[in-house]
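Data block below; observations after.
Hydrogens, waters and symmetry mates are skipped; everything else that's a heavy atom, side chains included, is used. This chain uses plain numbering: 1 for the first residue, then up along the sequence. In each ligand, atom 1 is the first atom listed, and ligand 1 is the first ligand listed. Given the structure is predicted, the values throughout are model-derived calculations rather than measurements.
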Amino acid sequence: MTKDVLVSPQTEGLKVITNVEGTKFNKSNNDGLYLGVFEAVEIAISKAIYAQKVLTISYKKEDRERLISSIRKATLENKEILAKMILEETKMGRYEDKILKHELVAKYTPGTEDLTTTAWSGDQGLTVVEMSPYGVIGAITPSTNPTETVICNSIGMIAAGNSVVFNGHPGAKKCVAFAVDMINRAIISSGGPENLVTTVENPTMESLDVIMKHPYIKLLCGTGGPGLIKTLLNSGKKAIGAGAGNPPVIVDDTADIKKAAKSIIEGCSFDNNLPCIAEKEVFVFEDVATDLINNMIQNNSVLLNKEQVSRLLELILLEKDVKSYNCNKKLEYTIDKKWVGKDAKLFLDQIDVEYPTNVKCIICEVDRNHPFVMTELMMPILSIVRVKDIDEAIECAKIAEQNKKHSAYIYSKNIDNLNRFEKEIDTTIFVKNAKSFAGVGFGAEGFTTFTIAGPTGEGITSARDFTRQRRCVLAN
Ligand code: NAD
């Protein structure tokens, strides 16, 4: 604990907030300070180092659980403010769904109960393996679930005895600052140390670089797209990488079509398709396809014709020329980010298509290679592809999922089809006959997370993933 590393845990370096446009403050925030938010990333890190030492020395597991309960309570009390702030800042998603996401994270993210100790005892003594903290974790969060991820990561990381420095998405930095302040106030109000959770006022690639290279930060945890995961995995440090998905859905000829249509549309349109787990494309058996589409239309969806699909493509995708290895040019698409998470109505207005007032989702019948199938849109747009049988359905779904090992869904009563798809697609989340959110404990069993680590294999992350194993031996 050298002096240059440990800065005293007072208000030095704290960001003073005089006003945040268009946002109501939490009452407890009327001192004008944003607790845990610092101008310099180096200060954010040193405060978190100090806080973690205090946590280790002065707090037991049951104390950590008390701090976490307080974070859960603060999240539930502030869920409307958080939802409103995200909408104002990122201009993506749906207010009512963001409230549900905050309820989910507050209630179902595991705390200290997730930690277990393994012990062996016998003639030669006692050996214990404990789940111990890393220390300070560097966490990078997305714009699509900005505060949900900060809250989820904070609960799990503190439960495991760590502190955390966040580098949030620059497009959601005010929400992240608000969440970090809320968490700090919740911790302090239940007798915990300040700065267990910190962030930098203006997160940048440079601040991320400082976090990645800091000798005291031994674990990185990133939730976001492929660029982020690549950067973290090249950092030379242990990293948990929760990357992009493009979840396919199969609907076969034994499925309950009415239920499947409702469930798929609800999943696809939830928070305007921002969640990485949200349904993106459907492969449906030919003989039930029309029935499925008709039922989807009855569930707040609008079906586009071919010409309207082309207009939508021009609106939301940008062409980019990519040179392949043999130097031939091939055409690829990237999404126009300004359309991510927007309401279905806005797209339909732009392409001159009439819609009912309750429209939530746009459905497009396309072929299996269409850019809408192969691109993670994160918009309330669902592509539907007709397939002849389960072989073709699985083949198409695997190509669309692109081996991201993220999520996949199926509606079927055929055990062979259910089992085959599960084995062949081999995703981190696989849901049968229910919508995507069942995979993270919403309307189904099991705990939740907002960091689904497919690329690095931790899966549905929780407190135990933020620990190192430590063996303590008493011999003879
Ligand atoms: P994004 O990748 O643009 O940003 C995520 C974070 O990474 C941000 O903090 C950003 O500043 C940083 N970042 C971006 N590019 C980087 C790079 N090259 N090097 C280092 N840092 C970089 O993602 P987004 O638009 O905010 O979020 C959407 C993406 O995240 C989607 O692809 C979605 O599938 C994915 N996501 C995955 C999960 C999961 O649990 N697997 C959860 C939410 C979102």
Side-chain angles (χ1 to χ4, degrees), residues 41 86 89-93 98 101 104-105 109 138-153 156 164-177 179 199-200 202-213 220-235 237 239-247 270-280 334-342 375-379 401-402 404-408 427-429 436-437 439-441 448-462 465:
V41 67
I86 300 173
E89 189 176 6
T90 68
K91 311 212 169 7
M92 301 190 291
K98 293 189 189 299
K101 291 202 302 192
L104 187 69
V105 76
T109 305
I140 304 89
T141 52
S143 59
T144 47
N145 302 320
T147 57
E148 301 91 324
T149 311
V150 165
I151 295 163
C152 182
N153 285 177
V164 48
V165 181
F166 283 104
N167 204 71
H169 194 287
K173 63 184 179 186
K174 288 183 197 166
C175 310
V176 168
T199 190
V200 59
N202 281 311
T204 57
M205 289 298 171
E206 289 70 38
S207 56
L208 174 60
D209 202 50
V210 174
I211 291 172
M212 285 197 303
K213 292 189 176 140
L220 301 166
C221 177
T223 311
L228 167 65
I229 307 306
K230 199 170 161 196
T231 303
L232 294 189
L233 293 181
N234 284 334
S235 68
K237 286 199 174 158
I240 296 176
N246 192 36
F270 188 82
D271 208 17
N272 284 340
N273 203 259
L274 285 181
C276 54
I277 55 170
E279 291 80 348
K280 303 282 190 288
T334 51
I335 50 172
D336 185 345
K337 285 202 166 180
K338 73 169 181 268
W339 286 103
V340 170
K342 292 290 187 286
T375 316
E376 187 197 28
L377 296 179
M378 293 181 286
M379 303 168 198
E401 211 275 328
Q402 295 160 47
K404 292 173 194 278
K405 300 252 181 287
H406 201 291
S407 305
T427 44
T428 304
I429 293 180
S436 47
F437 257 64
V440 287
T448 203
T449 189
F450 278 77
T451 296
I452 300 157
T456 49
E458 291 78 7
I460 318 296
T461 56
S462 60
D465 298 304

Using a 4.5 Å cut-off on heavy atoms from C-beta on, say whether the side chain of K98 contacts that of D271.
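Contact flag for D271/K98 side chains = yes.
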Please tell me if the side chains of K91 and K342 come closer than 4.5 Å, counting only heavy atoms from C-beta onward.
yes
By the salt bridge (Lys or Arg N to Asp or Glu O under 4.0 Å) test, which pairs, at least two apart or in different chains, include something from residues 449-458?
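Passing the test, one end in residues 449-458: no pairs.
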Return the protein residues near ligand 1 (heavy atom under 4.0 Å from any of its atoms), ordered by chain and residue number.
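Those residues closer than 4.0 Å to ligand 1 by some heavy atom are I140, T141, P142, S143, T144, N145, N167, G168, H169, P170, M205, L208, T223, G224, G225, G227, L228, T231, A242, G243, A244, G245, C276, K337, E376, M378, H406, F450, T451, I452.
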With sequence neighbours left out, what residues match F437 under ring pair (Phe, Tyr, Trp, His ring centres under 6.0 Å)?
F270, F442
Among all residues two or more places apart in sequence or in another chain, which pass the salt bridge (charged side-chain N to carboxylate O under 4.0 Å, His left out) test with K405?
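Scan of K405 (salt bridge (charged side-chain N to carboxylate O under 4.0 Å, His left out), adjacent residues dropped) gives D426.
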Check whether the side chains of T223 and T451 place a donor and an acceptor atom closer than 3.5 Å, and report yes or no.
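The answer is yes; a qualifying pair exists.
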